[in-house]
Amino acid sequence: MNDHHHLALEEIRITLGEVTLLELDAAVGPGEVLTVMGPSGSGKSTLLAFVAGFLAPAFQATGRVRLDGRDITRLPAERRGIGLLFQDPLLFPHLSVAGNLRFGMPRATPDKSARVEAALGEIGLAGFGDRDPATLSGGQQARVALMRLLLSAPCAVLLDEPFAKLDTHLRHEMRQLVFSRLHEAGLPSLLVTHDREDAEDAGGSLIELSA
């Protein structure tokens with residue numbers, strides 16, 4: 001692993017009006033995945049929004065989010081050093097595949113073009129740099145989204161049911177790819193899902209929420 005990042009969720013409590021949606025206290029080590037599983041409405045995505053820094057004003061939250069020991073609870077989203085992977089790849093349609101990969105890379109990254117070409121080779125898409133993202137299959141788009149995330153050099157990752165829209169065979173393949181790459185990168189990750197197979201493939205701790 002390249003780095004040793006740690007994510008701590010300390011005494012998190014999220015409420016909506018008088019209703020407590022969830023209470024959570026957990027730590028995620030380098031390359032580990034903490035899965036939070038529950039039905040729709042249990043507060044999974046609200047938890048991710050709080051950790052990422054864009055919790056809707058209707059919700060109230062207490063507790064602290066620490067990344068590598070630093071309290072990031074009050075920092076704006078763009079300064080938290082957290083990467084996100086969603087159900088949809090959310091590739092920029094006005095950019096090529098290579099342009100999408102370059103978009104999130106730190107400014108100081110040396111030889112970005114060579115890094116992009118190497119990254120495409122790592123995910124089986126060598127030579128796809130000039131392609132329009134719309135011409136890619138769902139699985140190819142998912143791989144580009146994953147690599148764009150990794151190239152942005154986050155210190156932790158949030159996964160919002162990223163496999164939900166893939167077919168069964170592709171879902172298992174993408175789980176293996178995503179979790180292995182996050183482990184290799186030493187990135188602590190928080191996965192929210194309603195799919196028990198996601199949790200099993202993630203292999204880390206599991207917290208189950210009730211409706």
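All values reported here derive from a predicted model rather than from experimental measurement.
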Quick check for you: to the nearest 0.5 Å, what is the distance between F50 atom CZ and L158 atom CG? 12.0 Å
With sequence neighbours excluded, what pairs up with D88 under the salt bridge (Lys or Arg N to Asp or Glu O under 4.0 Å) test? K165
When you check the side-chain N and O atoms of D195 and T193, is any donor under 3.5 Å from an acceptor? no
Validation row: L24, R13 side chains within 4.5 angstrom (heavy atoms): no
First locate atom CD of E117, then atom NZ of K112, and finally report the distance between them rounded to the nearest 0.5 Å. 15.5 Å
Determine the minimum heavy-atom distance between L21 and G41, stating which atoms define it. CD2-O, 4.5 Å
Can you find a heavy atom in the side chain of R143 that is under 4.5 Å from one in the side chain of L125? yes
Which pair of non-hydrogen atoms, one from H194 and one from K44, has the smallest distance, and what is that distance? N-CE, 4.4 Å
Under a 4.0 Å threshold between the charged nitrogen and the carboxylate oxygen, would E197 count as salt-bridged to R171? no
4.5 Å side-chain heavy-atom contact, E208 and R196: yes
Can L146 be reached from L95 by stepping across I, L, V, M, F, W or Y side chains whose heavy atoms are under 4.5 Å apart? no
Does C155 reach the side chain of D68, with side-chain heavy atoms less than 4.5 Å apart? yes
How far apart are the C-alpha atoms of S45 and D160, what are their side-chain angles, what is the distance that settles it, and do they pass the side-chain contact (heavy atoms from CB on, under 4.5 Å) test? CA-CA 7 Å; S45 293; D160 191 357; 3.5 Å; yes
Taking atom OG1 of T62 and atom CD1 of I12, what is their separation to the nearest 0.5 Å? 7.5 Å
Verify side-chain contact (heavy atoms from CB on, under 4.5 Å) between V28 and S189, making sure each step is shown before the conclusion. CA-CA 7 Å; V28 193; S189 303; 5.8 Å; no
Is there a side-chain contact between H6 and L67, using heavy atoms and a 4.5 Å cut-off? no
Nearest atoms (heavy-atom pairs only) where F92 meets P133: O-CG, 3.9 Å
Among L101, L85, V97, the one residue meeting side-chain contact (heavy atoms from CB on, under 4.5 Å) with R148: L101
More than 12 foreign heavy atoms under 6.0 Å from CD of E11: is that the case here? no
For the residue pair R131 / S96, report whether a side-chain donor-acceptor contact shorter than 3.5 Å exists. no
Can you tell me which residue among L47, L55, L48 is in a side-chain contact (heavy atoms from CB on, under 4.5 Å) with V51? L47
So, do F128 and V144 sit near enough that their side-chain heavy atoms are less than 4.5 Å apart? no
Test side-chain contact (heavy atoms from CB on, under 4.5 Å) on L7 and V65; report intermediate values, then the result. CA-CA 7 Å; L7 176 67; V65 180; 4.0 Å; yes
Does a salt bridge link E122 with R115, judged by any charged N lying under 4.0 Å from a carboxylate O? yes
Within the distance-only criterion (no hydrogens, no angle test), does the side chain of R64 pair as donor or acceptor with the backbone N or O of I72 below 3.5 angstrom? no
If I take atom CZ from residue F59 and atom CD1 from residue I14, how far apart are they, to the nearest 0.5 angstrom? 8.5 Å
Heavy-atom closest contact (A119 atom, L151 atom, distance): CB-CD1, 4.1 Å
Side-chain heavy atoms nearer than 4.5 Å, only ILVMFWY residues, links allowed to pass through others: does that put V33 and L206 together? no
Can you name the closest pair of heavy atoms from S152 and L149 and give their distance? OG-O, 2.6 Å
At what distance, to the nearest 0.5 angstrom, does CG of D167 lie from CE of M174? 12.0 Å
Give a yes or no on whether L90 and F54 share a hydrophobic cluster (residues Ile, Leu, Val, Met, Phe, Trp, Tyr; joining criterion: side-chain heavy atoms under 4.5 Å apart). yes
Among the clusters formed by ILVMFWY side chains lying less than 4.5 Å apart, do L16 and V36 turn up in the same one? yes
On a heavy-atom basis, which atom in L187 and which in P154 lie closest, and how many Å separate them? CD2-O, 3.1 Å
Hey, mind stepping through I82 and V157 against side-chain contact (heavy atoms from CB on, under 4.5 Å) and telling me if it holds? CA-CA 6 Å; I82 292 178; V157 173; over 6 Å; no
Close side-chain approach of L191 to M37, heavy-atom, < 4.5 Å: no
Quick one: does S180's side chain have a donor or acceptor within less than 3.5 Å of a partner on Q176's backbone? yes
Is the closest side-chain heavy-atom distance between R181 and L150 below 4.5 Å? yes
Enter the distance from Q140:CD to S137:OG here, rounded to the nearest 0.5 Å. 3.5 Å
